[in-house]
There are 4 protein chains.
Amino acid sequence: MAETGARKIRLGMVGGGSGAFIGAVHRIVARIDGDYDLVAGAFSSRAEISRASGAAIGLDPARVYGSYDEMARAEAGRPDGIEAVAIVTPNHLHAGPARAFLEAGIHVICDKPLTATLAEAEALAKVEPRNGAKFLLTHNYTGFPLIRQARKMVADGLLGTLRMVNVEYAQDWLTKPVESKQAEWRLDPARSGAGGAIGDIGTHAYNLMRFVVGQKPEALAADLAALVPGRVLDDNVNILLRFAGGARGMLWASQVAPGNENGLRLRIYGDRAGLDWSQEDPNRLHYTPFGEPRQILTRGGPMAGVGGAAPGTGVRVPSGHPEGYLEAFATLYAEFAAVIRGDTEPADRLPSLADGLEGVRFIDTAVRSSQSDSRWLPL
Amino acid sequence: MAETGARKIRLGMVGGGSGAFIGAVHRIVARIDGDYDLVAGAFSSRAEISRASGAAIGLDPARVYGSYDEMARAEAGRPDGIEAVAIVTPNHLHAGPARAFLEAGIHVICDKPLTATLAEAEALAKVEPRNGAKFLLTHNYTGFPLIRQARKMVADGLLGTLRMVNVEYAQDWLTKPVESKQAEWRLDPARSGAGGAIGDIGTHAYNLMRFVVGQKPEALAADLAALVPGRVLDDNVNILLRFAGGARGMLWASQVAPGNENGLRLRIYGDRAGLDWSQEDPNRLHYTPFGEPRQILTRGGPMAGVGGAAPGTGVRVPSGHPEGYLEAFATLYAEFAAVIRGDTEPADRLPSLADGLEGVRFIDTAVRSSQSDSRWLPL
Amino acid sequence: MAETGARKIRLGMVGGGSGAFIGAVHRIVARIDGDYDLVAGAFSSRAEISRASGAAIGLDPARVYGSYDEMARAEAGRPDGIEAVAIVTPNHLHAGPARAFLEAGIHVICDKPLTATLAEAEALAKVEPRNGAKFLLTHNYTGFPLIRQARKMVADGLLGTLRMVNVEYAQDWLTKPVESKQAEWRLDPARSGAGGAIGDIGTHAYNLMRFVVGQKPEALAADLAALVPGRVLDDNVNILLRFAGGARGMLWASQVAPGNENGLRLRIYGDRAGLDWSQEDPNRLHYTPFGEPRQILTRGGPMAGVGGAAPGTGVRVPSGHPEGYLEAFATLYAEFAAVIRGDTEPADRLPSLADGLEGVRFIDTAVRSSQSDSRWLPL
Amino acid sequence: MAETGARKIRLGMVGGGSGAFIGAVHRIVARIDGDYDLVAGAFSSRAEISRASGAAIGLDPARVYGSYDEMARAEAGRPDGIEAVAIVTPNHLHAGPARAFLEAGIHVICDKPLTATLAEAEALAKVEPRNGAKFLLTHNYTGFPLIRQARKMVADGLLGTLRMVNVEYAQDWLTKPVESKQAEWRLDPARSGAGGAIGDIGTHAYNLMRFVVGQKPEALAADLAALVPGRVLDDNVNILLRFAGGARGMLWASQVAPGNENGLRLRIYGDRAGLDWSQEDPNRLHYTPFGEPRQILTRGGPMAGVGGAAPGTGVRVPSGHPEGYLEAFATLYAEFAAVIRGDTEPADRLPSLADGLEGVRFIDTAVRSSQSDSRWLPL
């Protein structure tokens, strides 16, 4: 049952076998608004693990596959085959299945970053989907209602001319050398790509900033560091940004900052006002028109003074009842369902394959800048 | 698909037709962990509204009923009949369906307060369920992980001897005379019962406090007021509490306090430590052992220093990714599913019919105390 | 040197010998704006302690006295005698010196509560000061700029009709039986009077509320408790309030609430807006007009939208540079200096002998209500 | 009267005529603990303004001078001449008087930055003071008790090996072109030097970070911008930092960030713990040992678990009564008084002439890096 009454979309999953964090998240958020029915999966490249995972969540064994290729072929050939697939594998295993399903005419929901390498991303961006298959990149933080409100306020000119952006994403879970399944592939260049923290959370920070300010920075100067002894990939990312028109920015991402859990914060300043939002307190947006008191806008609260509520900030529960990470994520799934069903409106605000390519280019540029002593490089 | 792989439980719903707030919430939270499948409903006492609501969410018309009685009879007689029912009607329409389904051997999930009158509650408490049908009262705030952690810490003696409890639930949505569907029945004694704010949110505050401190107050002295001109039922509730052993308490509930959305806050003080938790910031619990710095415990964060994590604080996403109102609510549904399937462990922490009776007794006692010039009355 | 260039006022002190907390505070705040010169003192009723204290702070030994009587007589007779005196003794030693100095024509700055008993307070209120000697009661929290702003906003009608007030003052320093000099006299009825926490901090809470809302409650119902075993005076105070016109209130004061240092907080709700202020974060005032976003007013920040800055909110440093407890306290001293010099304007907002009498009446009424099972008593 | 009982130190002032902000601040903080007596001044280079300012604050006209040279000569020759002088002029007028008074054997208290140019700073650093005259640079934020606590915790190894420092100082008062006396000289290279925001607040941020981490960064890469059209000096400062041993840092200073008043914040991360402190909430220090809950240390509160209270964190009022900007500033004055009187202990933590030289070098290096496209330059 979809809360809207619309027919459920048949969904498959690539990756997300037992022990995977993000696969379970995708399954929950696919259920929240009732738009999807998970009916098939290739949960692991090891067939027995895939089978066990499929059984654990009650799928028909005939629709649990040992590889994504097999799954794309088989499902495309069934009258009741999946209409969309969620790709929740490590970064280096995004491009292959994304191509396969798009070319099979199956809509793709893909975790970020788009790919592990820029070459893969550029190739993927050239794929011609069959039957108009659509693509959603799950930069889930763009689903937070107040992030969309912030984006509208910037677009409406409430901040005036952009001057400075400060975005940060601080965590601490990699402070010590760790050996969890979550940590392992993220720290391995073969599976993560050339970026560590920059790929895992730096792209989120970049995308969130990009989504709200509505313009791409012109250039960056980066200083990436692997601060934990023995680590190969960066775990701390310090970046300077420059925008057309002279605005400046800073981006900090760290996985070794004790006391931070998921400290994603975005601050934007124009010549008329400033905005301040934090993922750990997502139901409040601080807005200060210059020369006036700070205002705390709340999800679902009054927006009359700021030009009304932004599209896509519809909420499930009233203001003051916190919605969180899962609801924001679910909003992407729900809106992608609407796009699949033919409603083009939400497509404007959903992270696309082009956004994914820009994200991988951001990683690539930052890594190169850092390797050349933080030289400014165009984005 | 339940995330656990268990078979889905067939669910029905009484109330929750279009425009209802809490019905939609129950439907979302029943989906989050994948344990239920909504297959039948009596969404309104007006048959055409019930039919339209059922159609909107895609139910088989044969299982959309015009009355709960008809539904209980019909579903109890089907081999694929519902196993559980969610009752999400106004207060005066809880007792009837609760009795009907329990006596039909169907598990009941019922919104709070239990009933509109003490007589109804006492009668309901005496019902003998068929086939061991179970009862869950959705005091949803008890599902917040850190509330359960707080309860364990109190039970483990970390706070020492209880001295003072301060609980409050402040809202502002009834500051002006309003005419929404949500407001209308809550302000009508015929449908709400003798309590206004005390029944709607005062019981939540009482229950939350009761859940965490683990003991019933001995007596209360109440001053209930209808502060908006023309209003019949209380919209502001001031209560003093006394506990066995001499501890004291205060309970404040208001729906006319501008600047408060859902300001449910609980503070507990013993001779060894204090706790402080707020629903609008639910992923943090402030804990101060006397003579030591304040600690901020986070959902899913380190609990080694406080005797380990409490049962039932399992989390869907890592610490720092906020979970909110819907997740806490969903935890009650998920744990009740486990109880239905035969796992008795979660039953200890799930709000029961006895809790519901105590809550209605609390309302009744407070109303009587207020009517007798705030005289202390035993609870 | 006074920052204003005005001549310094010659000040004496009664009490405040070595080890006293509040005496040192009075000396600091008398210096901050440069309006006073401490030249005489009776720092202790034990002559040798008084002498040692006077020597430690460099006073002329001829002007260090063994009793306040002697001091009042001697100083009144000197051409360069003190013009004002600060009385910083325990409560039971306020009335005597206050009377002596007022009758000697010397201005009095007196710590709160006014006296230890209602009889003393009533008698003191009838004293006829010589030569127009003035009286200042140091309810220091009224000196916070944003408290004065709040008072003006209430008086200007920005909150509309008053409906509910919630004031609290929570501390934890008396959680354990303690034996410090600070604690000792406060816990002794002979020196504190009939109230413990209610006299020490409850009166501050009451006065702060009273100062901002601008009206006296009509009645109260109190439940005072001595929660630490063996304690005679109350350490936890729970009070319900009723105002003319139907508004309600709650007052909580506790010295046994672990995790609270000086948690004085005032929340006021009318039918148009709400206010929220905390002493531990005194440079921010939360203001929410109903149906609009919450605004954070800052000390020295923009006030155009709320009718302009209140008188007496002049600040020493720009907004964003926190001023604290000492600055608010010093503002009372500085404004009393202006009153002494003949400027009558600040007198309107300075706590007076009448406020002191009302405060002692509040204590007395609360103690009596508590002794009669929390019966409502008129104030 | 000094609270300690010590004799007052005779103080002069250079600059600080009517309308000056920082001069009044210095006068207040010199009074707070009673250690100084202001007896002479050259308040303006225009003699009539100096005279008027001196008269306004009640000084003997014979000791109000038209130039600092004249003042240094005259006061050095008086038996009751000043022992110390506060220099509170714009940056380009620091070096001259500092040299004159040091060479006259008079202790110098000088506002920051040390000088307007590196050449001046280097020359000043070579001055040989007569009679052991001492020098205090008023980097006032180092006087905050919890900043000193943080410094001790870093020095004691509680954070482990330093990895990342994030310091920022955001204001908004220069968002629009402004013409106040405060703004005017700060925006004029002739009086401020080559740095705008970097000299005014960037040096504070740098110094605070430097004070707490206890080591100088090895290199910086800077991007300074004048974001307000028509402005010559930078109003936004973005800097990357590198430390010996591989630690990284970011420094952001802005005077055009609407919604920020004095948003000075310092975050430090090591391999064992993290610290977080904000000037606008200065009585709390967040400390998170990795793998444990966040702790909120309070000024004057329990420090047993973190190795005890740091020296120089003595407090005037108990924890929970906020101390602010003026108290922290006053602590520098009080401790410098102790140094003048011969107690060498506080000298270790008081900002020195060497710190001032390092600060000017930091400005100079950042300006040069920014001019060479953010090239890394050694510090």
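Remember, it's a predicted structure, so these values are computed and weren't measured experimentally.
Evaluation of the salt bridge (charged side-chain N to carboxylate O under 4.0 Å, His left out) test over residues 293-304 of chain A, restricted to residues two or more places apart or in two chains, returns A:Arg299-A:Glu323.
Between A:Ile28 and B:Ile32 the shortest heavy-atom distance is CG2-O, 3.8 Å.
Within the 4.5 Å cutoff, the side chain of A:Pro322 has heavy atoms near those of the B:Pro282 side chain.
Counting heavy-atom pairs under 4.5 Å between each of B:Arg316, B:Glu280, B:Arg284 and chain A puts B:Glu280 at the top. Considering only heavy-atom pairs separated by less than 4.5 Å from chain A, the leading option among B:Leu264, B:Ile296, B:Thr298 is B:Thr298.
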Using the side chain to side chain contact (heavy atoms under 4.5 Å, CB included) rule, take A:His321 and B:Glu261 through it: C-alpha gap first, then chi angles, then the decisive distance, then the call. CA-CA 8 Å; A:His321 280 142; B:Glu261 294 182 334; over 6 Å; no
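Heavy-atom distances place the side chain of A:Tyr141, and not its backbone, under 4.5 Å from chain B.
Once rounded to the nearest 0.5 Å, the distance linking CG of B:Asp33 with CZ of A:Arg27 reads 12.0 Å.
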